[in-house]
Amino acid sequence: MLAETKAQAKILLKGLPSPRPYSEPKEILMVKPDFFQVKYAINPFMKDEKGNLKKVDTAKARDQWQRIKWIYEDIGLTVHTLPGQVNLPDMVFAANQSLPFYDRETHQKNVLMARMMSEHREPEIPLFQTWFESHGYRSFTLEDTTLHFEGNGDAILHPKLPLLWGGYGQRTDRKTYEEIARRFGLQVILLKIQREEFYHLDTCFSILSPKTVALVPSAFSKESLGIIHQVFGQVISIDEKEALENFAGNCFCPNKRDVILQKGSPHFLKLLEKAAFQPHEVDTSEFLKSGGSVYCLKMQLL
Ligand code: ARG
């Protein structure tokens, strides 16, 4: 089922099974940033005020990426890595090429591959598909070839439930979620992203635990916000400036406690601490030049 209004969401939520006992996923996939650059502009962050493509300091990017990887390892996650590719400068944003999910009945690991809006990024997909297939995942692609889907950048699973938060309106098509709901038995709550600066759901909506979400209110309609409040006991509002300048909304919490985020968002930091999360500030300045930060730089595996 798909839900877009509060009334529909009420029915959808009633029909959800009870949360499955599960252990938090402990594995992450990252792509080495050796070939990361800004070579084209496909979002509002990739050009400077003069209209030139931003220049990446590759050595700095490598160092920043390595530090994030160390934090994951320090908090007990296993990090798998894929090599980058010379002509795929955005491949480092490993959240966008796929959406891994469990088949609830068989507990088989599945992955739905993305279909990118930009042809620059399309060749990234088979490289991820091969990786997933050689790691025990059954892979799927969208049947309707007219549809776009940018993986976990727009589609975010609710922990423990067959419930998908489906962001659309910028990169991913609304109709994509009709196919996902029909084929994979997932319940989908649709979230239309209202502002083009938030071109992926993961730039303005970050699930920190089954009960807590951090979001940028102006990215969503009143109706959507109402549904979100129906589901989450705690909704942390991210300051808009911090979300746009620092990608605060692109933080990542792998374990209901540690939150890894771009440094320099004091308002958000305070709110996280107040809600008893443990923030880890990192510097992703080079990746911000491409419109990405912590959340986009990894794929959480099953
Ligand atoms: N330059 C990349 C793009 O526009 C950045 C992707 C960032 N990823 C994300 N999940 N927000 O596609």
Side-chain angles (χ1 to χ4, degrees), residues 28-33 35-48 52-56 58 61 64-65 68 82 84-85 87-100 111-125 127-128 148-157 164-173 176 191 193 195-207 214-216 219 238 242-254 260-262 282 284-301:
I28 300 269
L29 176 62
M30 293 177 81
V31 175
K32 294 193 181 150
F35 301 106
F36 168 59
Q37 268 182 44
V38 177
K39 282 198 174 166
Y40 45 76
I42 54 171
N43 70 51
F45 301 90
M46 299 173 87
K47 284 184 177 168
D48 63 22
N52 297 320
L53 292 174
K54 291 186 181 166
K55 284 218 162 50
V56 169
T58 313
Q64 293 177 342
W65 182 93
I68 299 174
L82 258 178
Q85 296 289 323
N87 48 358
L88 298 176
D90 271 338
M91 187 179 165
V92 71
F93 297 111
N96 307 149
Q97 301 81 0
S98 70
L99 176 70
V111 62
L112 175 62
M113 303 316 296
R115 187 168 303 113
M116 300 279 195
M117 184 113 170
S118 159
E119 57 187 26
H120 294 295
R121 296 200 63 186
E122 261 299 285
E124 298 171 20
I125 313 277
L127 301 167
F128 279 80
H148 294 114
F149 174 53
E150 298 219 346
N152 187 222
D154 273 326
I156 302 179
L157 277 162
L164 187 65
W165 295 90
Y168 74 96
Q170 304 300 327
R171 296 278 183 92
T172 296
D173 295 302
T176 300
L191 296 176
I193 310 170
R195 297 180 50 183
E196 68 163 330
E197 304 96 305
F198 300 114
Y199 64 91
H200 274 148
L201 184 62
D202 72 4
T203 62
C204 54
F205 181 90
S206 185
I207 297 182
L215 56 75
V216 184
I238 302 174
E242 295 184 345
L244 289 171
E245 286 173 14
N246 273 326
F247 271 56
N250 202 245
C251 62
F252 174 47
C253 180
I260 300 94
L261 75 162
Q262 165 62 29
V282 294
T284 60
S285 66
E286 297 315 295
F287 302 99
L288 291 174
K289 294 176 181 169
S290 188
S293 185
V294 178
Y295 193 93
C296 337
L297 285 169
K298 60 89 198 78
M299 173 52 73
Q300 185 162 31
L301 300 167

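Order of appearance sets the numbers: ligands from 1, and atoms from 1 within every ligand.
For the ligand labelled ligand 1, residue Met46 lies inside the 4.0 Å heavy-atom shell. Look at Phe45 and you'll find every heavy atom at least 4.0 Å from all atoms of ligand 1. Ligand 1 lies nowhere less than 4.0 angstrom from a heavy atom belonging to Glu150.
Residue contacts with ligand 1, taken as heavy atom pairs separated by less than 4.0 Å, involve Tyr199 solely via side-chain atoms from C-beta onward. Contact annotation: for Asn96 versus ligand 1, heavy atoms closer than 4.0 Å belong to the side chain alone.
Considering backbone and side-chain N/O of Asn250, none are found under 3.5 Å from N/O of ligand 1. For Asp202, a nitrogen or oxygen atom sits less than 3.5 Å from a nitrogen or oxygen atom of ligand 1, counting backbone and side chain alike.
Interface atoms of ligand 1 facing Arg171, defined by a heavy-atom separation under 4.0 Å, are 3 (C), 4 (O), 12 (O). Short contacts between ligand 1 and His200, defined as distances under 4.0 Å to a heavy atom of the residue, involve ligand atoms 8 (N), 9 (C), 10 (N), 11 (N). Close approach to Asp90 involves these atoms of ligand 1, each under 4.0 Å from a residue heavy atom: 1 (N), 2 (C), 3 (C). Every atom of ligand 1 with a heavy atom of Arg121 under 4.0 Å away is listed here by number and element: 2 (C), 3 (C), 6 (C), 12 (O).
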TODO: Given side chain to side chain contact (heavy atoms under 4.5 Å, CB included), test Phe149 with Asp173 step by step and report yes or no.
DONE: CA-CA 7 Å; Phe149 174 53; Asp173 295 302; over 6 Å; no
Open item on the list: Quick one, Gln300 with Phe252, criterion side chain to side chain contact (heavy atoms under 4.5 Å, CB included). Give me CA distance, side-chain angles, the key distance, then yes/no.
Closed with: CA-CA 10 Å; Gln300 185 162 31; Phe252 174 47; 3.6 Å; yes
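Considering CD1 of Ile207 and CG of Leu215, their distance stands at 10.0 Å, rounded to 0.5 Å. Distance CG/Asn246 to CD1/Ile238: 11.0 Å, rounded to 0.5 Å. Interatomic distance, Trp65 CH2 to Leu297 CG, rounded to the nearest 0.5 Å: 9.5 Å.
Ranking protein heavy atoms by distance to atom 9 (C) of ligand 1, first place goes to Cys296 SG, 2.8 Å.
A cation-pi arrangement is absent between Lys289 and Phe287 under the rule of less than 6.0 angstrom and at most 45 degrees off the ring axis.
Among Arg115, Arg171, Gln170, Gln97, the single residue meeting the side-chain contact (heavy atoms from CB on, under 4.5 Å) criterion with Glu150 is Arg171. Of the options Asp90, Asn43, Thr284, a side chain to side chain donor-acceptor pair (under 3.5 Å) to Ser290 is made by Asp90 and by none of the others.
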